[in-house]
Chemist: 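This is the structure I have questions about; it appears just below.
This is a predicted model, so every value here is computed, not measured. Counting starts at 1 for both ligands and their atoms, in listed order.
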Amino acid sequence: MPSPPLSPLDLLNVRASLSDEERLVQDSVARMVDEKVLPIIAGAFEEHRFPRELVPELAAMGLLGSSLQGYGCAGLNAVASGLICQELERGDSALRSFVSVQSSLCMYPIHVYGTELQKTKYLPPMAHGEIIGCFGLTEPHGGSDPANMKTHAKRKGGDWVINGAKMWITNAPIAHLCVVWAMTENGIHGFLVERGTPGFTASEIHHKFSLRASATGALYFDEVVVPDENRLPGVSGLKGPLSCLTQARYGIAWGVIGAAQACLSQLIDYTKSRVLFGRPLAATQLIQVRLAEMARGITTAQLLALQLGRLKDQGELQPVQVSLAKWNNVRMSLDVARDCRDMLGGAGISAEYAPIRHMLNLESVITYEGTEAVHQLSVGRELTGLAAF
Ligand SMILES: Cc1cc2nc3c(=O)[nH]c(=O)nc-3n(C[C@H](O)[C@H](O)[C@H](O)COP(=O)(O)OP(=O)(O)OC[C@H]3O[C@@H](n4cnc5c(N)ncnc54)[C@H](O)[C@@H]3O)c2cc1C
């Protein structure tokens with residue numbers, strides 16, 4: 001009997017290891033991306049515009065805070081929420097970034113470290129997309145070293161007074177709520193600051209050549225007074241923001257597979273139909289080696305992500321494992337996008353083809369949520385027991 005045909009985007013048939021529910025989630029998000037995202041995303045990228053009109057759709061599908069339990073959230077398992085990221089990033093990294101920030105960096109800390117009042121006040125409207133969040137950790141003087149935090153909060157009676165600035169913050173220009181991390185005399189604490197609070201302002205960063213369909217900005221805190229009830233009481237120290245980043249990096253490790261799949265899929269079609277020197281490009285050895293190399297990278301990343309997801313669902317996932325996967329999968333995806341761009345020749349610089357958009361986006365993804373170097377150093381520390389940073 002002949003073997004069944006393999007999917008070029010899933011050569012080891014990872015899909016066969018998924019549960020029915022995980023497949024259902026993946027298929028419904030894939031359909032939404034095909035129908036609603038792909039027709040508009042190149043235009044949004046060119047216009048440097050976050051496609052906000054998609055937020056109600058993301059919310060209606062339960063994609064905001066999808067792995068959280070209760071408070072209007074879908075309570076999906078880790079693999080399903082990873083697949084959501086993969087399909088969204090097949091559309092564009094901006095969309096996955098929006099969902100990651102909302103879910104992992106804003107809803108997660110409220111869910112895990114917040115009071116019951118904070119949870120009931122913020123989580124249901126965040127799951128419905130009515131409140132958009134942003135996460136303020138990075139500061140202008142250097143994001144790789146968050147322990148050197150200058151933004152500070154001082155106790156004043158029953159209130160806190162926050163001063164400082166945050167830079168490169170996803171969703172900052174459109175957020176209603178900011179989870180901001182500030183140094184206090186008892187270490188780093190997280191605070192919930194609503195838009196409109198006196199002294200709190202956000203500005204947009206223009207002229208980005210990457211993640212142009214994402215809204216990125218800076219946050220300024222000038223004598224911003226918030227009551228103690230706006231502090232996240234369940235955590236102090238760097239563990240707070242770092243635990244949120246572990247959640248978001250997990251999503252990135254899955255998401256970037258989608259970006260690479262989008263590029264490879266387009267290139268298989270293109271090289272089969274482009275005839276040079278009397279035969280399709282795809283019939284040349286050099287092109288096939290490059291396509292095969294991409295499939296190898298994507299397949300390895302898929303297996304890594306799946307194992308990460310299973311570990312997470314068993315409650316055994318460790319941050320250094322996420323570092324390894326974020327590093328490997330983003331590097332793979334960026335290399336795939338750059339090589340696809342090249343194989344398109346002149347057409348590769350046009351927004352009509354997806355690779356240059358994914359390539360430019362991935363230049364941010366390899367930098368944010370811990371640069372490649374920082375993740376390599378985390379793995380190095382695990383191997384040697386010595387911190388080199
Ligand atoms: C589009 C975008 C969206 C973002 N969204 C958010 C957000 O929502 N919230 C948020 O808080 N932050 C966000 N960031 C910030 C991001 O996390 C930081 O840019 C990142 O952590 C790097 O910090 P930095 O830019 O200050 O670079 P630096 O920390 O100044 O690093 C510069 C270079 O030095 C290298 N380096 C640093 N330390 C070492 C070392 N010890 N040894 C060797 N090399 C080293 C780095 O790898 C990098 O190549 C976003 C960034 C971008 C680009």
Chemist: Show me, pair by pair, the donor-acceptor contacts under 3.5 angstrom made by side chains of residues 144-151, not counting sequence neighbours?
Modeler:
residue: N148; atom: OD1; partner: K150; partner atom: NZ; Å: 3.0
residue: T151; atom: OG1; partner: E139; partner atom: OE2; Å: 2.7
residue: T151; atom: OG1; partner: A165; partner atom: N; Å: 3.3
residue: T151; atom: OG1; partner: A165; partner atom: O; Å: 3.4

Chemist: Let me check something: any side-chain donor-acceptor pairs from residues 349-360 under 3.5 Å, sequence neighbours excluded? List them with distances.
Modeler:
residue: S350; atom: OG; partner: E352; partner atom: N; Å: 2.9
residue: R357; atom: NH1; partner: G91; partner atom: O; Å: 2.9
residue: R357; atom: NH1; partner: D92; partner atom: OD2; Å: 2.6

Chemist: Is there a side-chain contact between R195 and L177 (heavy atoms, below 4.5 Å)?
Modeler: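 Sidechains of L177 and R195: no contact.
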Chemist: What side-chain donor-acceptor pairs closer than 3.5 Å can you find for residues 54-62, not counting sequence neighbours?
Modeler:
residue: E57; atom: OE1; partner: K36; partner atom: NZ; Å: 3.2
residue: E57; atom: OE2; partner: K36; partner atom: NZ; Å: 3.4

Chemist: Mind jotting down which protein residues get a heavy-atom contact under 4.0 Å with ligand 1? Chain and number order, please.
Modeler: F135, L137, T138, G142, G143, S144, W168, I169, T170, L211, S364, T367, Y368, E369, T371, A373, L377, F389
Chemist: Look at the aromatic rings of Y108 and Y113 and report parallel, tilted or perpendicular, splitting at 30° and 60°.
Modeler: perpendicular
Chemist: Taking K326 for the side chain and A248 for the main chain, is one N or O donor matched with an acceptor at less than 3.5 Å?
Modeler: no
